[in-house]
Amino acid sequence: MMVTAAPDTGTAHGILRLGNAYCEAQALLTAVELGLFTALHGAPATDRDLGERLGLPGRGLRDLLALLAALGLLLEEDGRYRNTPAADEHLVAGRPGFVGGSLLGAKANLYPLWNGLTETLRSGKPRSTSDGFEAMLRDPEELRRYIRMMEGALAPLVPGLVSAIDWTARRSVLDVGGCAGDLAGRLVTEFPWLTGRVFDLPQMAGPFDERMAELGLAGKVRFHAGDFFRDPLPRADVLILGHVLHNWSPERREILIRKAFQAVRPGGVLMVHDRMLADARPAVDNLVASLIMALVTEEGEEYTVGELSGLAESAGFASVTHRPLEDNETLVLCEKAPAPGRR
C-alpha cells in the first residue's frame with residue numbers, strides 16, 4: 001500500500017506551515033465552490049475576465065489564482081490562467097473524473113467538524129449525530145450534497161473496481177450502500193449481461209431513479225430499499241461493500257460480513273473497499289480518514305486488512321486476497337467456495 005508522506009516538520013517553518021495548511025485547503029475548496037475550474041475549462045482568462053465570468057467584483061481573486069498556480073492546480077502565462085491537466089480532469093463539473101462533489105461535501109459538512117476534534121477526544125462523542133443524519137436524509141438539497149460527496153470519493157476507484165475480477169462468469173452484482181447507483185450503473189454498462197442491484201435506505205430511491213434515467217439505465221438496475229442490519233440482503237454473484245464497514249464497530253462489521261456471506265452465491269465473491277490501515281506505518285490520508293469517522297459516527301473507524309480477513313474467514317469465505325486501489329484505498333476480495341459438485 002502506498003504510504004502518504006507527512007509534511008516536513010523538522011523546522012519551525014515546517015511546523016507552522018502544517019498548522020496553517022487549512023488555508024491552502026480552503027483556497028481549493030472555495031475555488032471548487034465558485035466553479036472556477038469549470039469556468040476555465042477550454043477558456044483561459046485573466047483575473048479580470050474570470051471575475052466578470054463568475055461575478056466576483058471583490059478583492060482577493062488575483063491572489064487566489066496565483067496561489068492555485070503555486071499549488072500546481074493552475075498554469076499562468078502572460079497574466080492568463082488555465083487549468084492544469086489534472087485540474088481539468090478532476091475539478092471540472094460534468095467530467096467523468098470529477099471529484100468536486102467530494103470536496104464540496106467536505107467544505108460544507110466535514111471542514112467545520114474538525115474544530116470540534118478536541119471535544120471528541122475528551123468526550124468520545126462525535127460532532128455530528130444520528131439525528132443530524134436523519135435530518136439530512138429528509139432535506140432534498142442536503143441529500144443531493146451527500147450523494148455528490150459519495151460520488152466524488154468513489155470516482156477515482158471505479159476503474160480499479162471494474163477491472164478487479166473476471167466478470168464473464170458473473171451474472172449479478174449487488175452494491176450495498178450504493179447510493180444513487182453510479183458503480184452498479186458503470187458495471188452494467190461495461191458488462192451488459194449483468195443484473196445490477198443497489199441496496200440502500202428508502203430515501204435514496206428517488207435520487208437512484210433520477211441517476212439511472214440520466215444514464216439511460218432505467219429498469220436495467222434495480223433498487224432495493226432496506227436497512228442492512230434489519231433486512232436480508234438480496235442474493236448475488238458479486239456483493240460490494242464500499243465505504244460501509246468503516247462506519248461501524250468491529251462487532252457490527254462482523255454482523256455485516258456474515259450477512260454478506262449468506263447473500264453471496266456459491267462460487268461468488270464479496271468485494272470490500274475502504275481506506276484500511278496498514279499494520280505498520282499507516283498512510284497519513286487513512287489516519288485522517290479514521291479521525292473523520294470519530295467526528296461523524298458513533299462508533300466508526302478505519303480498520304486493518306488483517307481484521308477484515310479474519311472476519312471473512314470466520315464467516316466461511318474460502319479465500320481472502322487484497323490489493324491497493326487509487327487514493328490510498330484497499331480492495332479485499334473474499335471468495336466463496338463453489339457448491340459441492342461444481343467447479
For this session: For Arg170 and Asp237, work out which heavy atoms get closest and say how close.
Result: C-OD2, 3.8 Å
When the side chains of residues 97-105 are checked against the rest of the protein, which donor-acceptor pairs come out under 3.5 Å, sequence neighbours left out?
none

Problem set entry | Pairing of Arg148 and Glu141 as salt bridge, 4.0 angstrom limit | yes
Exercise. With sequence neighbours left out, which residue pairs that include part of residues 311-323 fulfil the side-chain hydrogen bond (donor to acceptor under 3.5 Å, both in side chains) condition?
Worked result: Arg258-Ser314
For this session: Would you mind listing every salt bridge (Lys or Arg N to Asp or Glu O under 4.0 Å) that reaches into residues 49-69, with sequence neighbours excluded?
Result: Asp47-Arg62
Problem set entry | side-chain hydrogen bond (donor to acceptor under 3.5 Å, both in side chains) partners of residues 263-272, not counting sequence neighbours, each pair once | Ser172-Arg265
Exercise. Between Arg252 and Glu298, is the closest basic N to carboxylate O distance under 4.0 Å?
Worked result: no
Problem set entry | Sequence-distant partners of Thr11, side-chain contact (heavy atoms from CB on, under 4.5 Å), two or more places apart | His13
Problem set entry | ring-ring contact (aromatic ring centres under 6.0 Å, His included) partners of residues 39-78, not counting sequence neighbours, each pair once | none
Problem set entry | Arg80: salt bridge (charged side-chain N to carboxylate O under 4.0 Å, His left out) partners, not counting sequence neighbours | none
Exercise. For Glu77, which residues count as a salt bridge (charged side-chain N to carboxylate O under 4.0 Å, His left out) partner, sequence neighbours excluded?
Worked result: none
Seminar exercise, completed: Looking only at heavy atoms, the pair that brings Leu40 and Tyr81 closest together is CD2-O, 3.6 Å
For this session: Could I get the full list of side-chain contact (heavy atoms from CB on, under 4.5 Å) partners for Asn20, not counting sequence neighbours?
Result: Tyr22, Cys23
Problem set entry | Over 12 non-hydrogen atoms of neighbours within 6.0 angstrom of CZ in Arg95 | yes
Exercise. Taking the six-membered ring of Phe228, is the NZ or CZ of Lys259 close enough (under 6.0 Å from the centre) and on axis enough (within 45°)?
Worked result: no
Problem set entry | Any side-chain heavy-atom pair of Arg127 and Thr120 under 4.5 Å | yes
Problem set entry | Value rounded to 0.5 Å, distance of CG in Leu28 from CG in Leu68 | 7.0 Å
Problem set entry | Listed once per pair and sorted, the ring-ring contact (aromatic ring centres under 6.0 Å, His included) pairs that draw on residues 273-296, sequence neighbours left out | His243-His273
Exercise. Looking at residues at least two apart in the chain, or sitting in another chain, which of them share a side-chain contact (heavy atoms from CB on, under 4.5 Å) with Asp227?
Worked result: Phe229, Arg230, Asp231
Exercise. Given Asn328 and Asp285, is the side-chain hydrogen bond (donor to acceptor under 3.5 Å, both in side chains) satisfied, shown in steps?
Worked result: CA-CA 7 Å; Asn328 275 320; Asp285 289 351; 3.3 Å; yes
Seminar exercise, completed: Distance col, row Ile257:CD1 vs Leu241:CG, nearest 0.5 angstrom, shows 6.0 Å
Problem set entry | Set of side-chain contact (heavy atoms from CB on, under 4.5 Å) partners for Glu89, sequence neighbours left out | none
For this session: Mind checking the CG-CZ spacing from Leu61 to Arg48? Nearest 0.5 Å is all I need.
Result: 11.0 Å
Problem set entry | ILVMFWY cluster, Leu29 and Leu113 together (side-chain gap under 4.5 Å) | no
Problem set entry | Heavy-atom side-chain proximity of Asp274 to Tyr303 below 4.5 angstrom | yes
